[in-house]
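Below, chain A is the first sequence line, B the second, and so on; all start at residue 1.
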There are 2 protein chains.
Amino acid sequence: MEDKKTSSKTRAAIMEAAGKVFAEVGYSKATIRDICREAGANIAAINYHFGDKKSLYLAVLKHYQEIAFKAYPPDLGIKETQKPEEKLRAYIRSFLTRIMDDVHPAWFGRLLAREFTEPTWAFDILVEETIRPSFQLLTEIVAEIIGKNSKERIVRLCSMSIVGQCLYFRHSHPVITRLYPGESFGFKHIKELTEHISFFSLHGLIAEGKNKHSEENKCKKR
Amino acid sequence: MEDKKTSSKTRAAIMEAAGKVFAEVGYSKATIRDICREAGANIAAINYHFGDKKSLYLAVLKHYQEIAFKAYPPDLGIKETQKPEEKLRAYIRSFLTRIMDDVHPAWFGRLLAREFTEPTWAFDILVEETIRPSFQLLTEIVAEIIGKNSKERIVRLCSMSIVGQCLYFRHSHPVITRLYPGESFGFKHIKELTEHISFFSLHGLIAEGKNKHSEENKCKKR
DNA sequence: AGATAATTCAAACAATTGTTTTAAACAACT
DNA sequence: AGTTGTTTAAAACAATTGTTTGAATTATCT
């Protein structure tokens, strides 16, 4: 049996448990025995419903990818506002929310963050279906802020600076708890983080725009 | 046998090979059989010379930590210059160099970058002996730029923004090669990356400093 | 050279992994 | 009920892992 044949009870339970375990310990360290114990299912069930471990991981990835992007689309609240700095803020908040969220069954955040730094064979799919469109949107916003005549390389550097900040706040938890016990940057601080990254990056971008060749006038300035 | 008894030939070969393999695939995925094949040693040699896999990893970590920090100390060229923006640039360059370097046998960069996002049991050691002093130095530089009366929380946020950028350029390789084949950000581009991150962050910091008290002449905001 | 310690080696061990098999339990329909 | 197809269950399989064993080899010292 390939995959989405039935919507059996155990199949759903396995998807849920697999998402949790995969997000917690990663693909290779996750054992199907753990997953099945968590799901209250037999070990053979995973082979029956999904084929093998790889296909299970793929199914989980695609499933929660759909959920996460339906809940937090990259252009969340971007269309209606004109000002590029508002677009940037909206993008950052959406991105942060998507990768920070791990309360309700949207393990996609952790899975995605994990694939970013420790890519598996499934990474190519994620790049094409998730990362590329999202990154593309960001580069457009960045280019709009810097100025239309900006070099592509610089736009990419700046975009990566922004993504890098978001991602780092995502998996800085182990570091932070050890460096400053009591501090934390989690789902609860998305608003604060959005403000900080937006503000910090916006002024970096503006400076970058002025650096290239003189920008005429961007409202702000000095 | 505990550890640094002898300086046998095979012991050194194992250290070298282990560093390479650990850096390549991570602790848990690295097999002692791979390491020993790479080192041209017998499988039992690792038990004989180091005790077990964990002790080997620890020995490798401590060894290359020493090497990397001797080669690229965090305060490289900071002392003599007064201007805080020069300090920031020096710090970023040193940090980048340390984590980017993976040509000569200093696998520490990759190992460190890996521990940052996928901490093992050895992470506590790294935090105390490596990360804390380095991060402490960064927060001091950041605080100097923002202004003395800045909130600690903001200083930490900004410091993490800087570290996050550096780290992301470190393991963005899998993403970049897929998004833009031909582009790359590696050891060869440390100068360019240093300039970009320094410039980008400096203006973020300055703005953050001005944001504290005076707010009126901000044009943006709301 | 000979004795003693240090090192290397091939083989086996025990535990864990993903996967498969075979039969039993269940459901649905005539 | 009886037949058929679907789902679950327990056990075994094959491969891989870290670790250990005990003998063979090499180095070291008197």
Side-chain angles (χ1 to χ4, degrees), chain A residues 1-63 111 114-115 118 120-123, chain B residues 1-61 63 111 114-115 118 120-122:
Chain A
M1 307 318 137
E2 272 307 288
D3 52 295
K4 57 182 42 189
K5 187 75 75 42
T6 69
S7 327
S8 126
K9 201 84 117 184
T10 59
R11 197 195 134 93
I14 287 179
M15 287 280 287
E16 172 91 14
K20 179 175 172 185
V21 175
F22 279 140
E24 258 171 15
V25 301
Y27 172 76
S28 56
K29 276 189 194 168
T31 75
I32 63 173
R33 282 174 172 82
D34 270 350
I35 294 173
C36 288
R37 188 179 325 120
E38 180 89 21
N42 189 273
I43 317 171
I46 166 188
N47 180 25
Y48 176 76
H49 284 285
F50 300 92
D52 56 358
K53 189 185 173 186
K54 272 170 127 170
S55 307
L56 169 62
Y57 184 63
L58 211 74
V60 168
L61 222 50
K62 293 215 156 201
H63 181 232
L111 290 178
R114 197 175 284 278
E115 285 282 346
E118 196 98 6
T120 72
W121 41 266
F123 189 60
Chain B
M1 301 317 142
E2 271 307 289
D3 53 295
K4 58 180 42 190
K5 187 72 76 40
T6 69
S7 328
S8 126
K9 201 85 113 186
T10 60
R11 197 194 133 93
I14 288 178
M15 287 280 288
E16 174 90 14
K20 180 176 173 185
V21 176
F22 279 141
E24 258 171 16
V25 301
Y27 173 76
S28 56
K29 275 189 195 168
T31 75
I32 63 173
R33 281 175 173 80
D34 271 350
I35 294 173
C36 287
R37 187 180 325 119
E38 180 89 22
N42 188 273
I43 317 170
I46 166 189
N47 179 27
Y48 177 76
H49 285 285
F50 300 92
D52 56 0
K53 190 184 173 186
K54 272 169 127 170
S55 307
L56 169 64
Y57 185 63
L58 211 74
V60 168
L61 222 51
H63 182 232
L111 290 178
R114 197 175 284 278
E115 285 281 346
E118 195 99 5
T120 72
W121 41 266

Quick one: sort the B:Tyr57 and B:Tyr27 rings into parallel, tilted or perpendicular, breaks at 30° and 60°.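 The arrangement is tilted - the two ring planes meet at 30° to 60°.
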
So, for B:Ala122 and B:Glu115, which heavy atoms are closest and what is the spacing to 0.1 Å?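 Reported closest heavy-atom pair: CB-OE2, 4.4 Å.
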
Please give me the minimum heavy-atom distance between B:Gly26 and B:Arg114, naming the atom from each residue.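 That closest heavy-atom pairing would be CA-CD, 3.4 Å.
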
Spacing of [atom1] belonging to [X] relative to [atom2] belonging to [Y], to within rounding of 0.5 Å:
X	Y	atom1	atom2	answer
A:Ile46	A:Thr10	CD1	OG1	11.5 Å
B:Phe50	B:Arg11	CZ	CZ	4.0 Å
A:Glu24	A:Leu111	CD	CG	10.5 Å
B:Cys36	B:Asn47	SG	CG	10.0 Å

Which pairs, protein N/O on one side and nucleotides 8-10 of chain C N/O on the other, fall under 3.5 Å?
residue : atom : partner : partner atom : Å
C:dT8   : OP1  : B:Thr10 : OG1          : 2.9
C:dT8   : OP2  : B:Thr10 : OG1          : 3.0
C:dT8   : OP2  : B:His49 : NE2          : 2.7
C:dA10  : N7   : B:Asn42 : ND2          : 3.4

Give a yes or no on this: more than 12 heavy atoms of other residues, nucleotides or ligands lie within 6.0 Å of atom NZ of A:Lys20.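 12 or below, so no.
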
Given atom [atom1] of [X] and atom [atom2] of [N], what is their separation to the nearest angstrom?
X	N	atom1	atom2	answer
B:Asp52	D:dG18	CG	C1'	9 Å
A:Leu56	C:dT17	CG	C1'	15 Å
B:Phe50	D:dT20	CZ	P	16 Å
A:Lys53	C:dT20	NZ	P	14 Å

Sub-4.5 Å side-chain heavy-atom contact between A:Leu58 and A:Trp121: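 Side-chain contact under 4.5 Å: yes.
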
Sub-4.5 Å side-chain heavy-atom contact between A:Phe22 and A:Leu56: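 In contact.
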
Could you check which residues of residues 19-35 of chain B get a heavy atom under 4.0 Å from DNA chain C? Sort them by number, please.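 Of all residues in residues 19-35 of chain B, the ones placing a heavy atom under 4.0 Å from DNA chain C are B:Arg33.
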
Could you spell out the base pairing of DNA chain C as a dot-bracket line? Use Watson-Crick and G-U wobble contacts where both distances are under 3.5 Å, [ ] for crossing pairs, | for partners on a different strand. |||||||||||||.||.|||||||||||||

Within the pair B:Asn47 and D:dT20, is there a side-chain N or O less than 4.0 Å away from OP1 or OP2?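 Answer is yes, contact under 4.0 Å.
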
Yes or no on side chain to side chain contact (heavy atoms under 4.5 Å, CB included) for B:Glu38 and B:Ile35, after CA distance, side-chain angles and deciding distance? CA-CA 5 Å; B:Glu38 180 89 22; B:Ile35 294 173; 5.7 Å; no

